[in-house]
Amino acid sequence: MRVTVKFFAALREVVGSRELQLQLDDGSTVASLLERLSREYPRLGALCQAAAPTVNQEYSSLGAELHEGDEVVFIPPVSGGCDDL
Amino acid sequence: MRVTVKFFAALREVVGSRELQLQLDDGSTVASLLERLSREYPRLGALCQAAAPTVNQEYSSLGAELHEGDEVVFIPPVSGGCDDL
Amino acid sequence: MICRITRDKIDTPALLEAVKHPEAGAVLAFEGIARNNSLGRRVLYLVYDAYPEMAEKKLRQIGEEIAAKWGITRLAMVHRIGRLEISEASLVIALASAHRADGFAACRYALERIKAILPVWKKEVWENGEEWIEGKDFAPFDQEAALKR
Amino acid sequence: MICRITRDKIDTPALLEAVKHPEAGAVLAFEGIARNNSLGRRVLYLVYDAYPEMAEKKLRQIGEEIAAKWGITRLAMVHRIGRLEISEASLVIALASAHRADGFAACRYALERIKAILPVWKKEVWENGEEWIEGKDFAPFDQEAALKR
């Protein structure tokens with residue numbers, strides 16, 4: 001099956017592109033996708049440790065199974081809103 | 001001694017003027033001033049029951065003694081601010 | 001600190017700009033608006049009256065309380081008096097703070113204090129009458145004493 | 001309800017006007033502002049990035065939560081992305097409510113939810129470097145689950 005992975009912010013800078021189209025085995029999970037990405041982009045693994053996986057624009061989990069056409073994004077801790085850290 | 005009494009909102013409409021200059025006996029208090037006003041303006045007494053007396057622009061009390069030149073205002077329950085009653 | 005009783009329309013955007021500061025991450029504005037209804041009656045317009053010298057003095061006092069409690073000094077509190085049409089702002093509070101929690105707490109505090117102690121009165125004018133409204137939140141003594149403790 | 005991710009300067013006065021309603025006595029606006037300093041470093045400017053489709057979806061979700069909790073539907077939430085200069089607003093929340101307590105609670109809730117779940121990131125640019133900042137309030141799972149209970 002084919003999934004789309006999009007990258008934002010720090011992750012985009014590490015991967016060097018906005019979006020990848022990947023061919024995965026049936027039964028692949030978010031965790032196995034992350035494993036594959038970490039092999040191809042070694043610096044990505046560490047960044048994704050603290051990130052929240054999303055599938056089709058909803059927060060998901062590492063164990064979630066992926067399906068044909070899914071859009072996956074790893075969301076590092078967000079810092080939107082006001083600037084009062 | 002001479003004091004100034006100013007009227008606002010409902011009280012101004014009852015008294016019919018913005019301000020009175022009154023000659024009071026020495027030792028007069030806010031209470032004795034209010035008594036005199038209530039005699040001259042019968043509808044004022046009831047309105048002032050719920051009002052907070054102020055002397056020289058500070059919240060005061062009925063027992064407070066008045067002095068030459070004091071400015072006295074009776075403040076009915078205020079309704080300033082937002083309109084969400 | 002801007003503390004003002006005015007007969008003019010309140011310029012909220014100008015107050016937001018006035019309090020803004022490059023070191024403050026949060027800006028808040030509250031507007032109290034003249035509503036078209038009150039206890040089921042249709043309101044045509046409002047008339048506000050104030051004891052203006054005392055009202056500005058009390059606004060400054062509230063501002064000093066806020067500076068002491070939260071260190072917030074980029075603060076504007078403006079109350080309009082005279083005739084107000086429906087949807088016009090009677091009161092605007094604007095402030096800038098370094099931290100959002102302080103900003104919300106201080107803005108709410110300013111509003112509650114204004115409702116409790118500011119000598120400003122509202123008359124509602126309906127189709128068949130009018131009345132000076134007594135505020136239910138008026139509490140000049142208890143609250144003033146409690147806050148000084 | 002206005003839920004928007006934009007590259008343009010946010011027009012807070014227009015949002016205030018948009019939420020205003022003759023039946024609502026209280027209007028609130030919150031602006032998150034680009035600060036000139038962060039943990040002691042001088043910030044030159046900020047760059048915000050977002051996952052825009054998901055961010056607008058999450059803003060709508062937050063709006064629905066607020067409508068369900070407080071019945072407030074006169075609500076605008078706009079987050080700006082791209083390059084922001086110091087003192088410009090990154091986020092504006094504006095709402096109108098019948099009652100002030102609900103308005104304050106809902107505005108604060110919107111802000112906390114945005115900080116917890118909105119996929120928007122901030123990069124600080126200093127004189128000698130830059131960094132994507134990790135928000136300390138990020139909590140997409142716990143809070144989403146807790147709120148659905």
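Protein chains get the first letters and strands the later ones, always in sequence-line order, with residue 1 at the start of each.
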Under 4.5 Å from a heavy atom of chain A, the part of Ala55(D) involved
neither

What do you reckon, is CZ of Arg42(D) surrounded by more than 12 foreign heavy atoms closer than 6.0 Å?
no

On a heavy-atom basis, which atom in Ala9(A) and which in Asp49(D) lie closest, and how many Å separate them?
N-OD2, 2.8 Å

To the nearest 0.5 Å, what is the distance between CD on Glu134(D) and CG on Leu47(A)?
7.5 Å

Would a 4.5 Å heavy-atom cut-off, applied to side chains only, mark Val73(A) and Met54(D) as touching?
no

Taking Trp121(D) for the side chain and Ala10(A) for the main chain, is one N or O donor matched with an acceptor at less than 3.5 Å?
no

Where do Thr54(A) and Tyr51(D) come nearest, in terms of heavy atoms and distance?
OG1-CE2, 3.9 Å

May I ask you to name which of Glu71(A), Lys6(A), Arg12(A) has the most heavy-atom pairs under 4.5 Å with chain D?
Glu71(A)

Counting heavy atoms not belonging to Arg36(A), are there more than 12 under 6.0 Å from its CZ?
yes

Measure the spacing between CD of Glu56(D) and CD of Gln57(A) and express it to the nearest 0.5 Å.
10.5 Å

Test item: Pro77(A) and Trp132(D) side chains (from C-beta on) under 4.5 Å apart, heavy atoms
no

Over all atoms of both residues, closest heavy-atom pair of Val120(D) and Val78(A)
O-CB, 3.4 Å

